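Throughout, residue positions are numbered sequentially from 1 according to the sequence presented. All values reported here derive from a predicted model rather than from experimental measurement.
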Amino acid sequence: MSLLLDNQFTELPPDKSVDTKIFLEAVSHLPSFFDCLGSTVFSVIKSDINGNIMKITAVYNKDPAKYATLQDILEAEREAHAAEWPKVGATLALMWLKRGLRFIQILLQSLADGERDENNPNLIKVNVTKAYEQALKKYHGWLVQKIFNAALIAAPYKSNFLKALSKGEEVKEEDCLANVRQFLVNYTATVDAIYEMYTNLNAELDYTV
């Protein structure tokens with residue numbers, strides 16, 4: 001079975017609210033996605049995602065009823081930390097987490113759309129580069145960008161990456177990409193909803209690390 005389909009995201013309700021408990025359960029399985037990319041440099045994103053999930057979980061566990069949705073958390077922290085917000089608590093953790101989630105989304109969508117280097121069709125460097133440039137690069141200083149440029153060079157062969165996504169099973173590329181497209185439906189809707197929430201609450205920050 002596919003690593004992605006084993007832990008699919010649920011369909012959002014009409015108001016696009018994101019249930020905190022369900023969201024945290026779904027994203028808890030995503031750090032292993034970066035193991036499929038091979039390079040230890042991607043472990044930086046994996047570690048960052050893990051840490052941010054833990055921070056959000058810690059806030060949620062203090063009062064699950066109060067923090068039933070992600071928006072409940074942001075609004076409560078805005079009220080409690082007026083001067084510091086949004087650069088505080090779970091609001092800041094989710095801000096960075098969503099960027100890591102967007103990286104995964106763009107990478108998978110690029111593969112599903114068949115984007116590739118015609119001279120090296122079995123490399124996913126073009127897909128990983130697109131994901132990094134659109135989701136993370138603007139938030140990284142030159143030193144971090146340099147580290148990731150090295151990681152992009154070390155990106156795995158597409159066949160190896162898809163095999164890893166299929167948990168080591170030999171699966172036809174078209175079947176694996178069909179699984180990716182199926183996963184992306186609710187996953188993309190969830191990531192988009194979180195980005196929209198940050199825009200609506202004026203909670204986005206553009207500082208670099």
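With Ser110 contributing its side chain and Ile106 its backbone, the two residues share no donor-acceptor pair below 3.5 Å. The closest donor-acceptor contact from the side chain of Arg181 to the backbone of Ala112 lies under 3.5 Å.
Checked against a 6.0 Å centroid threshold, the rings of Phe161 and Phe33 count as neighbours.
Between Leu3 and Cys36 there is a side-chain heavy-atom pair separated by less than 4.5 Å. Residues Val180 and Leu111 are not in side-chain contact: their nearest non-hydrogen atoms beyond the backbone lie 4.5 Å or more apart. Side-chain contact check for Val18 versus Thr69: every heavy-atom pair is 4.5 Å or farther apart. Side-chain contact between Leu97 and Leu94: present, with at least one pair of heavy atoms (C-beta onward) separated by less than 4.5 Å. For the pair Phe103 and Ile49, the minimum side-chain heavy-atom distance is 4.5 Å or more. Residues Leu92 and Glu77 are not in side-chain contact: their nearest non-hydrogen atoms beyond the backbone lie 4.5 Å or more apart. For the pair Leu107 and Tyr132, the minimum side-chain heavy-atom distance is 4.5 Å or more.
For Glu133 and Lys138, the salt-bridge test fails: no basic side-chain N is under 4.0 Å from an acidic carboxylate O. Look at Asp48 and Arg99 and you find no salt bridge, because none of the NZ, NE, NH1 or NH2 atoms lies under 4.0 Å from a carboxylate O. Using a 4.0 Å cut-off between charged side-chain N and carboxylate O, Arg78 and Glu84 make no salt bridge. Taking the charged nitrogens against the carboxylate oxygens, Lys163 and Glu169 have no contact shorter than 4.0 Å, which rules out a salt bridge. At a threshold of 4.0 Å, the pair Lys125-Asp117 does not count as salt-bridged, since none of the basic side-chain nitrogens sits closer than that to a carboxylate oxygen.
Ring geometry, Phe183 versus Phe9: the interplanar angle exceeds 60°, so the pair is classed perpendicular (tilted spans 30 to 60°). Note: His140 and Trp96 have parallel aromatic rings, judged against thresholds of 30 and 60 degrees for the angle between ring planes.
No side-chain N or O of Asn149 forms a donor-acceptor pair with one of Gln145 less than 3.5 Å apart.
At least one test fails for Lys21 against the ring of Tyr67: distance under 6.0 Å to the centre or angle within 45° of the axis. Relative to the ring axis of Phe148, Lys137 does not place its NZ or CZ within 45° and under 6.0 Å from the centre.
Once rounded to the nearest 0.5 Å, the distance linking OG of Ser43 with CG of Asp35 reads 9.0 Å. Atoms CG and NZ, from Leu4 and Lys167 in turn, are 10.5 Å apart once rounded to the nearest 0.5 Å. Taking CG from Asn122 and CG from Leu162, the interatomic distance works out to 8.5 Å, rounded to the nearest 0.5 Å.
Shown are Thr190, Val191, Asp192; of these, the side chain to side chain contact (heavy atoms under 4.5 Å, CB included) with Ile194 is made only by Thr190.
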